[in-house]
Amino acid sequence: MARVRLPSALRTYAAGERELAIEGATLREVLDALRDRSPALERRLRDESGALRRYVNFYVDGDECRTLRGPDTPLGADTEIMIIPSVAGG
């Protein structure tokens, strides 16, 4: 079971939860289960085609998923996923 950690900016879309336990063998499966659990969160994480949004970083056990296998990154039994939206400003 993966532990999905959400920053405060995204907790509103997940009933205020800071961390969620989600089943899935890959990052994609975890995000699919997260979509079913918190549909409002989905729009902030993936686009209409299901691709990961460019401005959101997904860390799987400390490694950015795009340096691994992207949404097809396999997950272990006690994987930690951190979702970090990029912050823009000037």
Side-chain angles (χ1 to χ4, degrees):
M1 179 153 322
R3 291 175 296 124
V4 179
R5 300 192 62 190
L6 298 173
S8 57
L10 295 177
R11 292 178 194 156
T12 302
Y13 308 106
E17 295 289 333
R18 171 183 228 154
E19 184 173 295
L20 303 164
I22 307 282
E23 287 285 338
T26 65
L27 178 58
R28 183 185 316 275
E29 288 180 13
V30 166
L31 292 177
D32 288 347
L34 191 56
R35 173 196 60 216
D36 296 341
R37 184 171 174 173
S38 302
L41 188 56
E42 170 73 5
R43 291 189 307 270
R44 278 124 189 108
L45 304 180
R46 297 190 285 189
D47 66 19
E48 300 76 26
S49 70
L52 302 177
R53 293 209 181 267
R54 290 180 310 196
Y55 57 84
V56 179
N57 297 311
F58 300 85
Y59 290 89
V60 177
D61 288 332
D63 292 315
E64 214 288 326
C65 77
R66 290 171 182 92
T67 66
L68 302 170
R69 292 176 56 192
D72 296 318
T73 299
L75 307 178
D78 194 29
T79 296
E80 179 182 74
I81 299 168
M82 291 178 49
I83 301 174
I84 310 289
S86 296
V87 178

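In what follows, every heavy atom counts, from backbone to side chain, and hydrogens, waters and symmetry copies are set aside.
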So, for [X] and [Y], which heavy atoms are closest and what is the spacing to 0.1 Å?
X     : Y     : value
Arg37 : Ile22 : NH1-CD1, 3.5 Å
Arg44 : Leu10 : CB-CD2, 4.2 Å
Val30 : Gly24 : CG2-CA, 3.9 Å
Ser38 : Ala14 : OG-CA, 3.8 Å
Ile83 : Leu45 : CG2-CD2, 3.6 Å

Review point. Linking I/L/V/M/F/W/Y whenever their side-chain heavy atoms sit closer than 4.5 Å, directly or via other members, would Tyr13 and Val4 fall into one cluster?
Key: yes

Check your understanding: Are Met1 and Leu20 joined in one hydrophobic group, where the rule is that I, L, V, M, F, W and Y side chains link up if heavy atoms are under 4.5 Å apart?
Key -> no

Practice item. State whether the side chain of Arg53 and the backbone N or O of Arg43 hold a donor-acceptor pair below 3.5 Å, judged by distance alone. Key: yes

Point to revise | Flag, side chain of Thr73 to backbone of Arg69, donor-acceptor distance under 3.5 Å | key: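 Confirmed, Thr73 side chain pairs with Arg69 backbone.
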
Review point. Is the closest basic N to carboxylate O distance between Glu80 and Arg5 below 4.0 Å?
Key: yes

Practice item. Show the numbers, then the answer: is there a side chain to side chain contact (heavy atoms under 4.5 Å, CB included) between Asn57 and Ser86? Key: CA-CA 7 Å; Asn57 297 311; Ser86 296; 3.8 Å; yes

What is the distance from atom [atom1] of [X] to atom [atom2] of [Y], rounded to the nearest 0.5 Å?
X     : Y     : atom1 : atom2 : answer
Glu19 : Ile81 : CD    : CD1   : 10.5 Å
Arg3  : Leu75 : CZ    : CG    : 12.0 Å
Arg11 : Leu41 : CZ    : CG    : 12.0 Å
Tyr59 : Ile84 : OH    : CD1   : 7.0 Å

Exercise for review: Apply side chain to side chain contact (heavy atoms under 4.5 Å, CB included) to the pair Leu31 and Leu52, showing each step before the final yes or no.
Suggested key: CA-CA 10 Å; Leu31 292 177; Leu52 302 177; 3.5 Å; yes

**Study point:** Passing candidate, side chain to side chain contact (heavy atoms under 4.5 Å, CB included) with Pro71, options Arg28, Arg66, Glu29, Arg46
**Key:**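 With Pro71 as partner, side chain to side chain contact (heavy atoms under 4.5 Å, CB included) holds for just one option, Arg28.
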
**Study point:** side chain to side chain contact (heavy atoms under 4.5 Å, CB included) partner of Leu68, chosen from Leu27, Val60, Asp61
**Key:**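 Exactly one candidate clears the test, Val60.
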
Check your understanding: Taking atom CZ of Arg18 as the centre, does the number of heavy atoms from other residues, nucleotides or ligands within less than 6.0 Å exceed 12?
Key ->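 No, because the 6.0 Å sphere around CZ of Arg18 holds 12 heavy atoms or fewer from other groups.
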
